[in-house]
Amino acid sequence: MQKIKSLMTRQGLKSPPESLSDLGAIESLRVPGKELERVTSLQTGLQLAAVICTNGRRHLNIAKEGFTQASLGLLANQRKRQLLIGLLKSLRTIKTLQRTDVRLSEMLEEEDYPGAIQLCLECQKAASTFKHYSCISELNSKLQDTLEQIEEQLDVALSKICKNFDINHYTKVQQAYRLLGKTQTAMDQLHMHFTQAIHNTVFQVVLGYVELCSGNTDTKFQKLQYKDLCTHVTPDSYIPCLADLCKALWEVMLSYYRTMEWHEKHDNEDTTSASEGSNIGTEETNFDRGYIKKKLEHGLTRIWQDVQLKVKTYLLGTDLSIFKYDDFIFVLDIISRLMQVGEEFCGSKSEVLQESIRKQSVNYFKNYHRTRLDELRMFLENETWELCPVKSNFSILQLHEFKFMEQSRSPSVSPSKQPASTSSKTVTLFEQYCSDGNPFEIQANHKDEETEDVLASNGYESDEQEKSAYQEYDSDSDVPEELKRDYVDEQTGDAPVKSVSRETLKSRKKSDYSLNKVNAPILTNTTLNVIRLVGKYMQMMNILKPIAFDVIHFMSQLFDYYLYAIYTFFGRNDSLESTGLGLSSSRLRTTLNRIQESLIDMEVSADPTATLTAAEERKEKVPSPHLSHLVVLTSGDTLYGLAERVVATESLVFLAEQFEFLQPHLDAVMPAVKKPFLQQFYSQTVSTASELRKPIYWIVAGKAIDYEQMLLLMANVKWDVKEIMSQHNIYVDALLKEFEQFNRRLNEVSKRVRIPLPVSNILWEHCIRLANRTIVEGYANVKKCSNEGRALMQLDFQQFLMKLEKLTDIRPIPDKEFVETYIKAYYLTENDMERWIKEHREYSTKQLTNLVNVCLGSHINKKARQKLLAAIDDIDRPKR
């Protein structure tokens with residue numbers, strides 16, 4: 001009712017009591033009756049409305065309780081369920097995220113870096129979705145730490161690549177960095193690791209040997225710098241340590257090589273896949289690829305430079321001059337192989353290594369060469385010049401020292417042990433040892449596999465041949481013509497005969513001065529030692545070409561000293577030059593003078609006041625050698641040591657032939673600017689070896705025949721005879737007997753030593769030349785001579801020539817014209833004689849004067865004789 005009333009009040013209506021009171025007023029105002037009815041009707045309507053409202057409210061309450069409240073509660077519960085399901089899913093994801101670190105640890109242990117990073121990145125993405133949870137912020141921070149930890153482990157994994165490259169391992173690492181988007185950073189890190197790996201590797205290798213040799217594990221060595229550590233390596237452990245050092249560095253470089261291979265291969269694959277797929281991200285990928293390629297190419301030089309510096313420090317840390325030759329060659333061989341690795345690795349010429357090893361080599365080689373020269377002097381002074389029996393097919397290539405020439409014919413190839421099989425295509429060391437092996441493995445048994453077979457039994461191919469040779473030699477009569485003829489047949493040139501059949505041996509009547517020794521080379525133990533030394537020098541030069549000039553210079557000194565010794569022992573004779581026969585060519589004299597000035601120490605004791613420079617120069621020189629007292633050169637029975645002279649001289653000729661054989665090899669390694677030295681050495685020194693034959697064998701020829709006795713016999717001959725004589729003089733027979741005796745002695749000597757044809761020819765030529773000159777000298781001593789006496793001279797000389805031609809097959813007879821021209825000059829007129837004197841300056845002043853005084857005195861006047869004597873004096877004046 002109150003509500004109705006309030007409603008009516010708002011509507012401006014009055015309540016019934018009010019209306020009734022108003023009505024009373026109306027009535028009092030005498031309101032008309034219709035108004036009252038209307039009010040009553042209104043009251044009734046209002047009462048009805050109140051009832052309707054009450055019923056409506058009641059019905060609304062019923063609807064509220066029966067329908068709306070239940071339905072909305074159901075909807076609210078459904079919504080709440082959906083929220084709870086989402087929350088449960090989120091909680092499960094959060095739970096999984098919380099447990100991810102365990103799986104990440106497992107994946108890192110399995111080295112599945114790409115998987116670990118992929119998982120970590122997914123977890124981070126998931127965590128960003130649930131960042132509204134307070135626990136997630138802590139988890140997100142933990143995942144970030146985990147990712148950084150993975151990167152650290154990835155960096156460690158990357159560093160392992162430097163020493164032992166594994167394709168699968170490296171592929172995983174690169175995939176991981178690609179996921180991180182840090183491929184460029186990875187490449188920078190990789191180069192840093194390679195640099196660190198080189199340093200750590202060499203330090204650990206050297207430290208291991210130093211500690212091993214010191215016998216204690218004192219930590220003081222670990223605190224040393226690498227340079228100082230290298231000085232503590234002992235000589236005994238130097239080579240094994242160097243080999244291990246190079247092996248370890250090889251592993252690092254091989255890993256880098258295989259890393260580059262991997263990138264080249266995958267770049268090609270990526271390029272192919274990119275061309276087939278979309279171009280999204282191609283520009284960025286290409287940029288990364290280009291950066292990596294440049295970085296790798298630049299890294300080649302950097303890494304090789306680091307390797308060179310480390311090895312250089314090791315090389316210069318020890319004085320190699322005390323090493324044995326084989327050990328030093330082994331060091332050179334290792335460094336040579338390392339330089340070959342460098343050339344294949346980045347095309348480097350290894351200037352740092354070359355300079356360091358050159359310093360060590362020159363230092364070592366000077367000391368080594370000085371010692372070898374002193375040894376050579378000792379060998380020469382103790383040499384008895386006996387024949388060293390070698391096989392007829394002897395070649396210097398059969399010696400150990402020259403094996404390297406067969407192993408590597410090309411100067412560009414290292415003389416290190418080559419692989420057993422070689423194909424037409426050159427295989428690099430990286431290709432050869434890519435999967436297995438190491439080019440620096442020490443092959444200790446390499447030399448044991450090789451044997452030398454150069455010595456023969458007493459200079460013969462077999463005992464049977466030796467026996468046959470002597471039987472054949474002793475069984476025949478002395479037939480000089482056949483001797484010579486058989487010998488000429490055997491002498492086929494420089495190339496030695498490899499074998500001789502028994503039939504050939506039996507078919508020969510005589511062996512002349514070769515004694516069936518199958519033309520085996522004539523050399524001594526000293527010669528063989530010099531050849532071996534040359535081989536060793538060439539080994540060093542072949543391995544280390546920068547010191548080629550120094551080595552060849554020292555090689556030339558070996559030859560110089562040997563040549564000088566032979567000349568000093570057997571050819572020095574001041575009287576030779578006075579003969580005017582040109583026995584020593586100007587080239588030979590120049591060579592001997594040069595050797596004496598540059599190599600021979602002529603001073604007996606050092607002058608204390610001498611300058612330091614002079615002392616250094618003397619240090620480079622060697623005292624002149626002295627012939628062994630066991631060598632006798634004064635006995636006529638042995639033709640004044642002819643056997644020893646032949647062995648000595650022909651061994652020098654043989655040595656010169658070996659140098660000629662080696663010339664192309666020396667020329668190939670000689671620097672271009674120094675090649676004139678090599679050419680001069682060959683043209684001025686090596687080629688003069690055979691020229692020593694003349695002065696050396698002249699001494700024998702000068703003593704083998706008694707020329708003084710012949711002069712005495714000629715002096716007793718009466719030359720002013722009045723009739724033509726039909727019988728020659730006895731001095732001719734005496735001279736021929738001397739030659740026959742000389743021939744027999746020559747045969748006796750040939751039983752000991754094979755006398756080559758050029759030697760026998762020179763000996764005969766010298767003897768005949770001396771005999772002919774003695775004949776002229778004898779004729780020049782004549783006081784009186786008639787025309788018949790001059791004819792007798794011709795008869796004597798013709799008889800001498802006729803008999804001599806049966807003893808030797810040398811044609812023409814040396815100096816035959818020298819005698820005949822002198823005899824025939826007797827018949828010349830005054831004018832012809834003057835011209836003849838000017839044209840024939842080969843005769844001495846005494847001989848020409850005697851010719852004018854004695855022989856021409858009978859048919860020219862005193863004035864003409866004085867004129868001719870003046871002409872002779874004019875010719876003689878420049879000689880004084």
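Everything numeric in this text was worked out from a predicted model, so none of it was measured. Positions are given from 1 along the sequence.
- The shortest heavy-atom contact between L376 and L558 is CD2-O, 4.0 Å.
- Contact between Q398 and N393 at its shortest, heavy atoms only, is NE2-O, 3.1 Å.
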- Message: If you apply the rule ring pair (Phe, Tyr, Trp, His ring centres under 6.0 Å), what do you find for Y257 with F345, and how did you get there?
- Response: CA-CA 8 Å; Y257 175 82; F345 187 66; 7.8 Å; no
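- A centroid separation of 6.0 Å or more is found between the aromatic rings of F194 and H199.
- With sequence neighbours excluded, the residues that form a ring-ring contact (aromatic ring centres under 6.0 Å, His included) with F365 are Y537, F554.
- In summary, R370 and D374 engage in a salt bridge, as defined by a charged side-chain N under 4.0 Å from a carboxylate O.
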Margin query: The test is salt bridge (Lys or Arg N to Asp or Glu O under 4.0 Å); show your working for E261 and R258 and say whether it passes.
Written below: CA-CA 5 Å; E261 270 193 335; R258 295 184 69 188; 5.2 Å; no
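- Q663 and D667 share no side-chain donor-acceptor pair at under 3.5 Å.
- When atom types are taken as modelled, the side chain of Q308 and the backbone of V352 share a donor-acceptor pair closer than 3.5 angstrom.
- Ring geometry, F654 versus F394: the interplanar angle falls from 30° to 60°, so the pair is classed tilted.
- Exactly one of F328, Y314, F330, Y209 qualifies for a ring-ring contact (aromatic ring centres under 6.0 Å, His included) with Y238. That residue is Y314.
- Y170 and Q174 share a side-chain donor-acceptor pair at under 3.5 Å.
- In this structure, a donor-acceptor pair under 3.5 Å is present between the side chains of Y562 and T527.
- In this structure Y682 satisfies the ring-ring contact (aromatic ring centres under 6.0 Å, His included) test with no other residue, sequence neighbours excluded.
- A salt bridge links D244 with K247; the closest basic N to acidic carboxylate O contact falls under 4.0 Å.
- Because its NZ or CZ atom is not both nearer than 6.0 Å to the ring centre of Y177 and within 45° of the ring axis, K182 does not count as a cation-pi partner of that residue.
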